[in-house]
Amino acid sequence: QVQLVESGGGLVQAGGSTRLSCAASGRTSSNYGMGWFRQAPGKEREFVAAVNWSGGTTLYADSVKGRFTISRDNAKNTVYLQMNSLKAEDTAVYYCAGSRQAVAQARELLYTYWGQGTQVTVSS
């Protein structure tokens, strides 16, 4: 089993930046694809970003492209989401997810492991 724990986030002003971290423990594998999803109040959870096993391939939702950057450090079993130029509509609970497939992918159903989520609130 793999455990994912997110950290970071909190209250950020519009236009500001913050970085989320996701630490993996348990039966971790550097061959897992990793992703970030988010869920705003009253809305369904949506894909944000994904990275393949090596960090060489990334995938982004159109709404965050150019503002967010996903990366990973396999030596630390940690995935990051750098969030810049934040907007009020980025306010959501952000979830880290792990897939047994090595590729970067946006489909939520392909992710097996999920963190508990961390709140990001952007004040305008």
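Any value given below was found using the heavy atoms of this structure, including those in side chains, with hydrogens, waters and symmetry copies removed.
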List the steps, then state whether side chain to side chain contact (heavy atoms under 4.5 Å, CB included) holds for Arg38 with Thr118. CA-CA 9 Å; Arg38 67 186 181 186; Thr118 186; over 6 Å; no
Does a donor on one side chain sit under 3.5 Å from an acceptor on the other, for Arg100 and Tyr113? yes
State whether the side chain of Arg19 and the backbone N or O of Gln82 hold a donor-acceptor pair below 3.5 Å, judged by distance alone. no
Go through it in stages, so that I can follow the logic: the residues are Phe37 and Phe47, the test is ring-ring contact (aromatic ring centres under 6.0 Å, His included), and I'd like the CA-CA distance, side-chain angles, deciding distance and then a yes or no. CA-CA 4 Å; Phe37 291 76; Phe47 168 74; 5.7 Å; yes
Nearest 0.5 Å, what's the OG1-CD distance between Thr18 and Gln13? 12.5 Å
Could you tell me whether the side chain of Glu6 and the main chain of Gln116 form a donor-acceptor pair under 3.5 Å? yes
Quick one, Leu81 with Val48, criterion side chain to side chain contact (heavy atoms under 4.5 Å, CB included). Give me CA distance, side-chain angles, the key distance, then yes/no. CA-CA 10 Å; Leu81 184 68; Val48 175; 4.2 Å; yes
Is there a path of hydrophobic side-chain contacts, each under 4.5 Å between heavy atoms of I/L/V/M/F/W/Y residues, joining Tyr80 to Val120? no
hydrophobic_cluster_shared for Val51 and Leu20, side chain cutoff 4.5 Å: yes
Going from CD on Glu89 to OG on Ser63, what distance comes out if it is rounded to the nearest 0.5 angstrom? 9.0 Å
Verify same cluster id: Val12, Tyr94 (apolar side-chain graph, 4.5 Å): yes
Donor-acceptor under 3.5 Å (Asn74 side chain, Trp53 main chain): yes
Regarding Asn84 and Ser17, is there a side-chain donor-to-acceptor distance under 3.5 Å anywhere? yes
Would the distance check show the side chain of Thr91 and the main-chain N or O of Val122 forming a donor-acceptor pair, the cut-off being under 3.5 Å? yes
Enter the distance from Tyr32:OH to Leu4:CG here, rounded to the nearest 0.5 Å. 10.0 Å
Shortest non-hydrogen contact from Ala14 to Ser124? CB-CA, 4.1 Å
Electrostatic pair Asp62-Lys65, nearest N-O below 4.0 angstrom: yes
Would you kindly check if the NZ (Lys) or CZ (Arg) of Arg45 is within the cone defined by 45 degrees around the ring axis of Trp114 and under 6.0 Å from the six-membered ring centre? yes
Can you see which heavy atom on Tyr111 is nearest to which on Ala50, and at what distance? OH-CB, 3.5 Å
Side chain to side chain contact (heavy atoms under 4.5 Å, CB included) between Glu108 and Glu46, worked out: CA-CA 8 Å; Glu108 183 174 335; Glu46 63 176 4; over 6 Å; no
Donor + acceptor pair across side chains of Ser99, Gln105 (<3.5 Å): yes
Can you get from Leu59 to Met34 by hopping between Ile, Leu, Val, Met, Phe, Trp and Tyr side chains that sit under 4.5 Å apart? no
For a side chain to side chain contact (heavy atoms under 4.5 Å, CB included) check, start with the C-alpha distance between Ile70 and Tyr60, then their side-chain angles and the critical distance, and finish with the verdict. CA-CA 9 Å; Ile70 187 171; Tyr60 296 94; 3.5 Å; yes
Under 3.5 Å: donor-acceptor pair, side chain of Thr78, backbone of Lys76: yes
Are Phe68 and Tyr95 co-members of a hydrophobic cluster defined by side-chain heavy atoms under 4.5 Å apart? no
We want to know whether Thr121 and Gln119 form a side-chain donor-acceptor pair, criterion being a heavy-atom distance below 3.5 angstrom. yes
Check for a donor-acceptor pair, side chain of Asn77 on one end and backbone N or O of Ser25 on the other, with a separation under 3.5 Å. no
